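These numbers come from a predicted model, not from an experiment. Computation of the quantities below employed the complete heavy-atom set of this structure, encompassing side-chain atoms and omitting hydrogens, waters and symmetry-equivalent molecules.
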Amino acid sequence: MHLKIWRMAWPPMVSNITTPLLGLVDTAVVGHLGTAVHLGAVAIGASVFSFLFWAFGFLRMGATGLTAQAFGREDGERVRALLLQSLSLGIGIGLLLIALQTPIIDLAIYFMSPSAEVEPWARAYCEARIYSAPAVLAGYALMGWFFGVQYSKGPLWMLLIINLANMVLDYYAVYGLGMASIGVAWATVASHYLGVLFALYLAAKQLRRFDGHVPLISLTKWHSYMELVQVNRYLFVRTVLLLSVMAFFTAQGAQQSDAILAANAVLMTFLLIISNGLDGFAFAVEALCGEYHGRKQWDQFKKVVRLSTFWALITALLMTVFFWGFGGWIISLLTSVESVQHEAKLYLPWLIALPLLGIWSFMLDGIFIGTTQVKAMQNTMIISVLGVFFPLWWLTQPLGNHGLWLSFICLFVARAVTLGWCYYRNDLEQM
């Protein structure tokens, strides 16, 4: 079982590490154009679409849990249907976003408030990048399905293709065609479609493992999507709440000072490292717990939970030790501005503690996604955000940024406590 967990965990860890490369490559390419205008346009556009697309991250989570359970039941027809339904849902939402692009982009530009020089380029970037929506959301669906059928190398290959294509196309569009920041947007669009096409090829190969036939006419009937929609609607609310906290966190840092805003942004890099490391085990839990939930093999279910948490805890402990020993050095690598370095090092202890405090919410999320107990995930997130994060932030405002970080850390703890209570309150057979 140890090897099975690691076979599921390491590909998403590696693929998660490749994800930030998209932004880094985009920034590096336009960063040498001799003007900050294009760099600002890419930064704003990338932020807009990170927020917009992450709001539909439920497409991955919902597909994983339902597919893993069907995989455990050896229900090949349902496995096939979930792939087609998830893809249809992702592509449909993506096309809807394209249709609504004018109000979406207008609202995004309004909230981001770029300078007069940056605004036209940021708007042009967004008007191009929106066309990647069907590919991005279809990619979410494919990733979820791959995890559900325990083919965790699928997302890794898809993201590698996207990133490699993005590197080549970025350079060609910007320096070969002279398209500046707009070229970066179109390069990103093209790379996502190339990655999804390759992922569809991999999915077609995986389908040979499963018996059954799904009539295409069934994809036009709304009732056939009900189970998937029911799962995804709870995950959507949960995701929007989490996004709201992240946006609020950034806004509160900005109100304190530019140095604190920048320091918090630097420290969020540590959160990215933490989530990249621990998400691999969370994805393994989603797939394997979903499988054994489908098989009703509760001893194996408990074994997966126990062993995955053990390895995740070891990883979290190593991260804490690493941040304690090298956190200051990492901050110095990320910024050379002394005021930002000073502020970031002042609040670094919160990030040193986060791996050991946050691991439990990551792992419980995996269990509840795998068993599709997503209503509990929604309700516990509501309690954690509205009952813990915001009240605690209000009470700790005199502490400034320390109060903000305390509230943020306690959000992870509250999610773990509330989900843990739900987990131990119910018998596994009732999940």
Side-chain angles (χ1 to χ4, degrees), residues 43 47 50-51 54 110-113 237-275 278 316 319-362 364-365 378-421:
S47 297
S50 292
F51 188 96
W54 191 19
Y110 171 77
F111 279 111
M112 297 299 289
S113 300
V237 174
R238 169 193 174 273
T239 303
V240 168
L241 284 167
L242 191 54
L243 284 170
S244 300
V245 168
M246 300 299 291
F248 180 84
F249 186 94
T250 301
Q252 288 303 307
Q255 287 185 16
Q256 295 180 68
S257 73
D258 289 343
I260 287 180
L261 172 64
N264 285 349
V266 168
L267 292 174
M268 280 297 174
T269 305
F270 288 76
L271 178 61
L272 186 63
I273 295 170
I274 293 166
S275 62
L278 299 181
M319 286 180 177
T320 291
V321 172
F322 181 75
F323 292 161
W324 178 75
F326 299 98
W329 174 72
I330 295 172
I331 290 170
S332 299
L333 283 179
L334 294 172
T335 178
S336 59
V337 181
E338 291 187 5
S339 61
V340 176
Q341 287 183 2
H342 173 76
E343 294 290 346
K345 290 175 182 178
L346 188 62
Y347 304 109
L348 178 61
W350 294 111
L351 276 301
I352 293 174
L354 183 55
L356 291 174
L357 294 174
I359 172 186
W360 315 106
S361 61
F362 280 94
L364 284 162
D365 276 349
Q378 171 199 265
N379 293 341
T380 55
M381 183 63 81
I382 291 172
I383 293 169
S384 300
V385 171
L386 301 182
V388 176
F389 175 78
F390 282 113
L392 190 56
W393 164 80
W394 186 78
L395 291 171
T396 59
Q397 286 185 77
L399 298 177
N401 204 45
H402 278 298
L404 187 61
W405 274 106
L406 173 63
S407 305
F408 189 66
I409 297 295
C410 286
L411 174 66
F412 285 87
V413 175
R415 287 169 55 198
V417 170
T418 51
L419 279 175
W421 180 77

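- Residue Ala416 comes nearest to Ser361 through the heavy atom pair CB-N, 3.8 Å, listed as atom of the first residue, atom of the second, then distance.
- Residues Phe249 and Trp405 bring their aromatic ring centres within 6.0 Å.
- In this structure, the side chains of Leu348 and Phe270 come closer than 4.5 Å at one or more pairs of heavy atoms.
- Heavy-atom minimum distance, Ile352 versus Trp324: CD1-CA, 3.7 Å.
- In this structure, Phe390 and Leu386 approach most closely via the heavy-atom pair CD1-CD2, 4.2 Å.
- Looking only at side-chain heavy atoms (C-beta outward), Thr418 and Ser384 come within less than 4.5 Å of each other.
- Atom CZ of Arg238 and atom CG of Leu243 lie 10.0 Å apart (nearest 0.5 Å).
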Report the C-alpha separation of Ile330 and Phe322 in whole Å, then their side-chain angles, then the decisive distance to 0.1 Å, and conclude whether the side-chain contact (heavy atoms from CB on, under 4.5 Å) test is met.
CA-CA 10 Å; Ile330 295 172; Phe322 181 75; 3.5 Å; yes
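- Separating the CG atom in Leu406 from the CD1 atom in Ile409 is a distance of 8.5 Å, to the nearest 0.5 Å.
- When side chains are defined from C-beta on, Lys345 counts as touching Ser332, because their heavy atoms get closer than 4.5 Å.
- Taking CG from Asn401 and CG from Leu267, the interatomic distance works out to 8.5 Å, rounded to the nearest 0.5 Å.
- Ile359 and Leu278 make their closest contact through CA-CD1, 3.9 Å (heavy atoms, listed as atom of the first residue, atom of the second, distance).
- Between Phe323 and Ile274, the closest side-chain pair of non-hydrogen atoms falls below 4.5 Å.
- Within the model, atoms CG of Leu357 and OG1 of Thr320 stand 8.0 Å from one another, a figure rounded to the nearest 0.5 Å.
- Inter-residue side-chain proximity for Leu399 and Leu404 is flagged as unmet; no heavy-atom pair is nearer than 4.5 Å.
- Within the 4.5 Å cutoff, the side chain of Leu411 has no heavy atoms near those of the Val388 side chain.
- The nearest pair of heavy atoms linking Phe412 to Phe408 is CD1-O, 3.3 Å.
- Between Asp365 and Arg415, the closest side-chain pair of non-hydrogen atoms falls below 4.5 Å.
- Taking the six-membered ring where the residue is Trp, His402 and Trp350 present tilted rings, their angle falling between 30° and 60°.
- Phe389 places none of its side-chain heavy atoms less than 4.5 Å from the side chain of Leu241.
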